[in-house]
Amino acid sequence: QVQLVESGGGLVQAGGSLSLACAASGRTFSNVAMSWFRQAPGKEREFVAAINWSGSSTYYADSVKGRFTISRDNTKNTLYLQMNSLNVVDTAVYYCASSPSRWVRVGVHEYDYWGQGTQVTVSS
């Protein structure tokens with residue numbers, strides 16, 4: 001059974017930074033692509049960033065490009081998301097997700113395991 005546990009969410013002022021982490025177990029972490037998604041109240045879950053199995057390839061939603069950085073440490077089975085220059089529209093529950101594929105994927109349906117989510121709230 002795959003388990004994904006996010007941490008690092010919280011409340012931050014606009015312009016600030018937060019760092020999220022996702023600890024993975026139950027699947028060979030270094031063999032699979034990982035992603036971050038987010039869901040704001042009343043909205044659908046949306047893609048944020050993805051990284052391939054080795055960390056050599058990343059992909060970002062246009063809305064976060066240049067502000068967020070996804071990374072992974074395969075020795076620690078951990079996925080990260082560094083979020084800088086946060087603004088109010090970034091407020092959402094952030095989820096990490098594990099794919100059965102090695103390669104970057106952006107669709108919600110392309111991920112088969114999800115964490116429980118961590119709340120990120122950006123105040124103005």
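Below, all heavy atoms of this structure are taken into account, side chains as well, without hydrogens, waters or symmetry copies.
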With clusters defined by side-chain heavy atoms of hydrophobic residues (ILVMFWY) lying less than 4.5 Å apart, directly or transitively, does Val93 cluster with Val64? no
Establish whether Tyr113 and Val32 are linked, either directly or via other cluster members, by ILVMFWY side-chain heavy-atom contacts under 4.5 Å. yes
Minimal heavy-atom distance between Ser85 and Asp90, with the atoms involved, is O-OD2, 4.4 Å
Distance, nearest 0.5 Å, that separates CE of Met83 from CD1 of Ile70: 11.5 Å
Is there a path of hydrophobic side-chain contacts, each under 4.5 Å between heavy atoms, that joins Leu81 and Val120? yes
Between Thr75 and Phe29, is there a side-chain heavy-atom distance shorter than 4.5 Å? no
Applying side chain to side chain contact (heavy atoms under 4.5 Å, CB included), run through Leu86 and Leu18 and close with a yes or a no. CA-CA 8 Å; Leu86 285 161; Leu18 275 177; 4.1 Å; yes
Which value, rounded to the nearest 0.5 Å, describes the distance between Gln119 atom CD and Glu6 atom CD? 12.0 Å
Rounded to the nearest 0.5 Å, the CZ atom of Arg27 sits from the OG atom of Ser98 at a distance of 4.0 Å
Could you walk me through whether Cys22 and Trp36 satisfy the side chain to side chain contact (heavy atoms under 4.5 Å, CB included) test, starting with their C-alpha distance in whole Å, then the side-chain angles of each, then the deciding distance to 0.1 Å, before giving a yes or no? CA-CA 9 Å; Cys22 172; Trp36 290 98; 3.8 Å; yes
Between Ser54 and Ser56, is a side-chain hydrogen bond (donor to acceptor under 3.5 Å, both in side chains) present by the stated rule, with each step listed? CA-CA 5 Å; Ser54 67; Ser56 63; 2.9 Å; yes
Audit row: Val48, Tyr60, side chain to side chain contact (heavy atoms under 4.5 Å, CB included) steps and yes/no: CA-CA 6 Å; Val48 174; Tyr60 296 92; 6.0 Å; no
Over all atoms of both residues, closest heavy-atom pair of Thr78 and Ala21: CG2-CB, 4.2 Å
Shortest non-hydrogen contact from Leu79 toward Cys96: CD2-CB, 3.9 Å
Is the backbone N or O of Arg102 less than 3.5 Å from a side-chain atom of Asn52, with the two atoms forming a donor-acceptor pair by type? no
Inter-residue atom distance Trp103.CH2 - Ile51.CD1, 0.5 Å rounding: 12.5 Å
Would Arg72 and Trp53 count as a cation-pi pair here, with the cationic atom under 6.0 angstrom from the ring centre and within 45° of the axis? no
Could you please spell out the steps behind the side-chain hydrogen bond (donor to acceptor under 3.5 Å, both in side chains) verdict for Asn84 and Ser17? CA-CA 4 Å; Asn84 299 328; Ser17 298; 2.9 Å; yes
Could you check whether any side-chain heavy atom of Val2 comes within less than 4.5 Å of a side-chain heavy atom of Leu4, counting everything from C-beta outward? yes
Is Glu46 atom CD crowded by more than 12 heavy atoms from other residues, nucleotides or ligands, each under 6.0 Å away? yes
Closest approach of Asp73 to Tyr80 (non-hydrogen atoms, all atoms of both residues): CB-CE1, 3.9 Å
Spatial distance of atom CG (Asn87) from atom OG (Ser123) [nearest 0.5 Å]: 11.5 Å
Parallel, tilted or perpendicular: which fits the ring planes of Phe37 and Phe47, with parallel below 30° and perpendicular above 60°? perpendicular
Could you tell me the separation between the OG atom of Ser124 and the CD atom of Gln13, rounded to the nearest 0.5 Å? 9.0 Å
For Val122, is there any backbone N or O sitting under 3.5 Å from a side-chain donor or acceptor partner on Thr91? yes
Mark yes or no for whether Tyr111, through its side chain, and Arg105, through its backbone, hold a donor-acceptor pair below 3.5 Å. yes
Can you establish whether the number of heavy atoms outside Lys65 located under 6.0 Å from its atom NZ is more than 12? yes
So is Arg38 actually on top of Tyr95's ring, under 6.0 Å and inside 45° of the axis? no
Heavy atoms only: give me the nearest Ser57-Val104 pair and the separation to one decimal. O-CG2, 3.8 Å
